[in-house]
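One structure below.
Note on naming: letters A, B, ... go to the chains in the order of the sequence lines (proteins, then strands), and numbering restarts at 1 for each one.
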Amino acid sequence: MSTIPGQAIRDVITEALTSAVRALGVDGELPDLELGRAKGPDRGDYASPAGLKLAKVLKQAPPAIAARLAETISIPQGAATVQAVGGYVNFRLTPEWLQRLVGAVSTKGPGYGASSIGGGERLQVEFASINPTGPLHIGHGRGTILGDSICRLLEFTGHNVHREYYVNSDNTQTKRFGASVYARLHGLEPPEGGYIGEYVTEIAEAARRDLPGIQNLPEEQAEPKLRVYAIQRVIEMISATVARLNIHYDEWFWESKVWEDGLAPAAIERLRESGYLKERDGATWFGPALEEEDGLGEQVLSEDEDRVVIRSNGQPTYFASDLGYLLSRFEVRKFNRVIEVWGADHHGYVPRMKSAVAALGYAPEKLVVILHQMVNLKEGAAGSAGKMSKRAGRFVTLDELIDRVGSDAVRYFYLLRSPDTTIEFDLELAVTQGNENPVYYAQYAHARLVNVEATATERHPQLPEKADLSLLVQPWELEVARQLAFWPEIAQDAAKLLEPHRVPYYVQDLATAVHRFYHAGNESSEHRVVVEDVNLTRARLELCRAARHTLKTALDLMGVSAPERM
RNA sequence: GCCCCGCUAGCUCAGUGGAUAGAGCAUCUGCCUUCUAAGCAGAGGGUCAAAGGUUCGAAUCCUUUGCGGGGCACCA
């Protein structure tokens with residue numbers, strides 16, 4: 001078929017509809033024709049309220065317009081039939097086209113739905129850059145999995161993605177962490193506000209071994225060394241934990257680097273020259289000083305309060321590091337855009353960062369911030385309800401969750417929810433629901449297909465080379481093909497909107513179609529994949545392959561495995 | 001006080017301004033001698049938090065209110 005498997009059929013139909021509208025004599029800008037999936041089976045597969053949309057322009061009744069469009073339109077390759085109903089134009093994918101699609105998808109193999117719409121754009125995605133002061137807990141799992149899945153979607157749609165973890169190493173929290181390790185090294189309790197977990201003591205003991213003489217140094221000299229050492233240990237832990245979830249960073253970028261390389265001072269200097277910095281109360285502040293004159297006022301003004309860059313004691317704030325980090329990303333490494341995944345508790349920081357990007361001379365849209373809501377521990381879980389706290393030792397670790405329910409179920413669990421919803425987490429419930437996690441439904445569909453394909457080639461060692469796909473006529477067979485048709489647009493929408501949760505919902509639909517298709521063979525043996533007729537078997541085998549590849553592709557985008565047997 | 005997110009079936013949640021609002025789980029009823037029953041078929045279940053507004057058309061956009069969560073540092 002000449003339709004490229006990567007191109008969404010929705011886009012093909014939209015183009016045809018647009019041409020038809022032009023043919024009716026509408027010039028100038030068109031209203032959005034809102035072609036989308038039709039709701040009921042009676043309405044076909046896609047529908048557009050084009051008649052309603054054009055009523056004003058054409059000064060005709062919507063049904064009349066829809067009828068003329070249906071008559072005029074020409075769908076490439078007979079992919080769909082067209083019907084006007086009221087002011088709507090409905091489209092139904094034809095069996096012939098669906099049959100050809102099955103062949104194309106099967107031939108293409110894994111990767112059906114991939115596209116190059118990203119044009120190779122160089123992107124950095126920074127996610128889950130948690131203070132490296134302890135193990136990841138279940139709250140961190142959300143941003144981690146969300147960030148990685150966004151990366152997978154972006155890669156699938158033709159972007160050049162760099163996964164990065166920003167390692168805080170010079171801020172207040174990590175200094176407290178260093179001081180806590182120092183205290184443990186000397187058999188003392190951590191200072192007020194320090195870290196009390198057992199891992200702190202273990203790290204201190206390891207440091208005694210790996211850093212000879214460290215215990216003889218005064219705290220001012222020992223703490224920075226211990227801090228770097230401890231952060232490295234924690235990063236090893238974090239790296240191992242996320243690896244269990246199939247997540248691998250390209251780079252662990254240390255905050256200290258922006259000072260070693262002079263990027264933070266350079267950024268501060270640039271802001272000072274442009275007049276965005278001012279001195280007050282002995283500190284240096286970032287603020288919208290020149291908003292009237294430089295045209296960036298709108299962006300810079302988006303933050304209406306001044307923020308401290310250098311404290312009155314001469315110590316820079318984390319914001320100073322972030323300024324240098326922005327230079328590293330946009331100027332030194334020249335990423336075209338940077339996507340950040342943050343918990344909603346940082347949402348107030350967004351305007352400040354956008355302002356900083358603008359003040360440094362870059363378009364604020366280059367910085368995209370994805371916020372996700374919190375994960376709260378449910379009452380009674382882990383001893384106490386509410387927000388988790390590393391310092392207070394009140395949390396369930398991500399490792400424990402993975403131990404209890406497995407990586408696939410964890411990823412699926414988080415990915416099912418839109419980032420906008422708060423998760424009330426109940427570990428016991430998560431464990432008991434582990435077995436009924438919808439991920440197994442999808443994986444089972446995949447395993448079944450693998451199994452039946454093996455059976456087919458076993459029973460019929462000499463199947464025809466080529467499949468006669470016109471034999472795929474049963475409604476449950478065509479329904480699988482129909483679901484396959486939707487995949488490219490699902491993947492593209494999820495990538496464009498940076499919304500991975502669209503993928504598991506699609507997977508659910510595809511798996512349902514697969515199970516029904518399979519089950520038809522249980523109802524009546526003539527509907528099995530493996531039948532006496534080798535040509536029929538061959539055609540159904542082709543459908544199995546197409547569905548299996550697509551299931552695997554979609555599961556891959558979620559970082560979930562596609563087992564061959566269950 | 002200001003800012004952000006949420007409120008949709010018993011529960012957990014989907015739902016780019018379009019037609020009759022969906023899924024999973026739970027409940028109830030059926031279906032395994034056969035390619036995997038971690039499956040399939042069917043049933044019940046709704047004031048889309050509330051009130052106004054915009055629109056030919058609103059769960060969706062705007063305003064107000066209520067409830068829940070998260071922010072508003074010389075913490076990150």
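With hydrogens and angles ignored, a donor-acceptor pair closer than 3.5 Å exists between the side chain of Ser312(A) and the base of rC74(B). Taking 3.5 Å as the limit, the base of rG71(B) and the side chain of His347(A) contain no donor-acceptor pair of atoms between them.
At the heavy-atom level, Ala38(A) lies nowhere under 4.0 Å from the strands shown. Within 4.0 Å of Phe319(A), counting heavy atoms only, lies no atom of the nucleic acid at all. Using a 4.0 Å heavy-atom distance criterion, Leu35(A) is classed as a base contact. Within 4.0 Å of Arg565(A), counting heavy atoms only, lies at least one base atom of the nucleic acid. Residue Ala447(A) is in base contact, counting any heavy-atom pair closer than 4.0 Å across all strands shown. Residue Asn437(A) is out of contact with every strand shown, counting any heavy-atom pair closer than 4.0 Å. Among the protein residues, His501(A) comes within range of the sugar-phosphate backbone only, with heavy atoms under 4.0 Å from sugar or phosphate atoms but none that close to a base. Here Asn168(A) lies in heavy-atom contact (under 4.0 Å) with sugar-phosphate atoms only.
Ranking rG6(B), rG71(B), rC56(B) by closeness to the Lys56(A) side chain, first place goes to rC56(B). Looking at the side chain of Arg516(A), the nearest of the listed nucleotides rC35(B), rA41(B), rC5(B) is rA41(B). You'll find that the side chain of His515(A) is closest to rG39(B), out of rG39(B), rG71(B), rC5(B). Candidate nucleotides rC40(B), rA14(B), rG69(B) were compared by shortest atom distance to the side chain of Asn376(A), and rG69(B) ranks first.
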If you restrict it to nitrogen or oxygen atoms, what contacts under 3.5 Å exist between nucleotides 22-27 of chain B and the protein, and what is each distance?
none

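Interatomic distance, CD of Glu523(A) versus CH2 of Trp476(A), reported as 9.0 Å (0.5 Å rounding).
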*Reading RNA chain B 5' to 3', how would its secondary structure be written in dot-bracket notation, given Watson-Crick and G-U pairs with both distances under 3.5 Å, brackets [ ] for crossing pairs and | for partners on other strands?*
(((((((..((((....[...)))).(((((.......))))).....(((((..]....))))))))))))....
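For rA23(B) and rC62(B), the P atoms lie 29 Å apart once the distance is rounded to whole Å. Between the C1' atoms of rC32(B) and rU16(B), the separation comes to 43 Å (whole Å). Comparing the same atom, C1', in rC7(B) and in rA59(B) gives a spacing of 11 Å after rounding to whole Å. Comparing the C1' positions of rA43(B) and rA9(B) gives a spacing of 14 Å, expressed to the nearest Å. Comparing the P positions of rG18(B) and rC31(B) gives a spacing of 43 Å, expressed to the nearest Å. Taking the C1' atom of each, rU8(B) and rA49(B) are spaced 10 Å apart, rounded to whole Å. Comparing the P positions of rG24(B) and rG70(B) gives a spacing of 32 Å, expressed to the nearest Å. If you take atom C1' in rU64(B) and the same atom in rG10(B), they sit 31 Å apart, rounded to whole Å.
Comparing Glu564(A) and Asp42(A) by the nucleotide of RNA chain B whose heavy atom lies nearest to each, the residue mapping closer to the 5' end is Asp42(A). For the pair Tyr444(A) and Tyr88(A), nearest-nucleotide mapping onto RNA chain B gives the more 5' position to Tyr88(A).
Proximity of a side-chain donor or acceptor of His515(A) to a complementary backbone N or O of Tyr441(A) within less than 3.5 Å is detected. Between the Glu164(A) side chain and the Glu126(A) main chain, no donor and acceptor come within less than 3.5 Å of each other. Put simply, the side chain of Arg411(A) gets close to the backbone of Met558(A): a donor and an acceptor are under 3.5 Å apart. A donor-acceptor pair is defined here as one N or O able to donate and one able to accept, closer than 3.5 Å; no such pair exists between the side chain of Ser561(A) and the backbone of Pro563(A).
Both tests pass for Arg329(A) against the ring of Tyr325(A): distance under 6.0 Å to the centre and angle within 45° of the axis. A cation-pi contact, defined as under 6.0 Å to the ring centre and within 45° of the axis, links Arg352(A) to Phe319(A).
Note on Arg176(A): every side-chain N or O is 4.0 Å or more away from OP1 and OP2 of rC75(B). Dashed line: the shortest gap from a side-chain N or O of His519(A) to OP1 or OP2 of rC35(B) is not under 4.0 Å. At least one side-chain nitrogen or oxygen of Asn522(A) sits closer than 4.0 Å to the OP1 or OP2 atom of rA37(B). Checking the phosphate oxygens (OP1, OP2) of rA14(B), a side-chain nitrogen or oxygen of Ser418(A) falls inside 4.0 Å.
A salt bridge links Glu453(A) with Arg548(A): the distance from a Lys NZ or Arg NE/NH1/NH2 to an Asp or Glu carboxylate oxygen falls below 4.0 Å. Taking 4.0 Å as the cut-off between side-chain N and carboxylate O, Glu477(A) and Arg540(A) count as a salt-bridged pair.
At a threshold of 4.5 Å between non-hydrogen side-chain atoms, the residues Leu416(A) and His501(A) do not count as touching.
Applying the 6.0 Å contact sphere to NZ of Lys257(A) captures no more than 12 heavy atoms from other residues, nucleotides or ligands.
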*Could you go through the side chain to side chain donor-acceptor pair (under 3.5 Å) check for Thr284(A) and Glu279(A) one step at a time?*
CA-CA 5 Å; Thr284(A) 302; Glu279(A) 307 295 327; 3.0 Å; yes
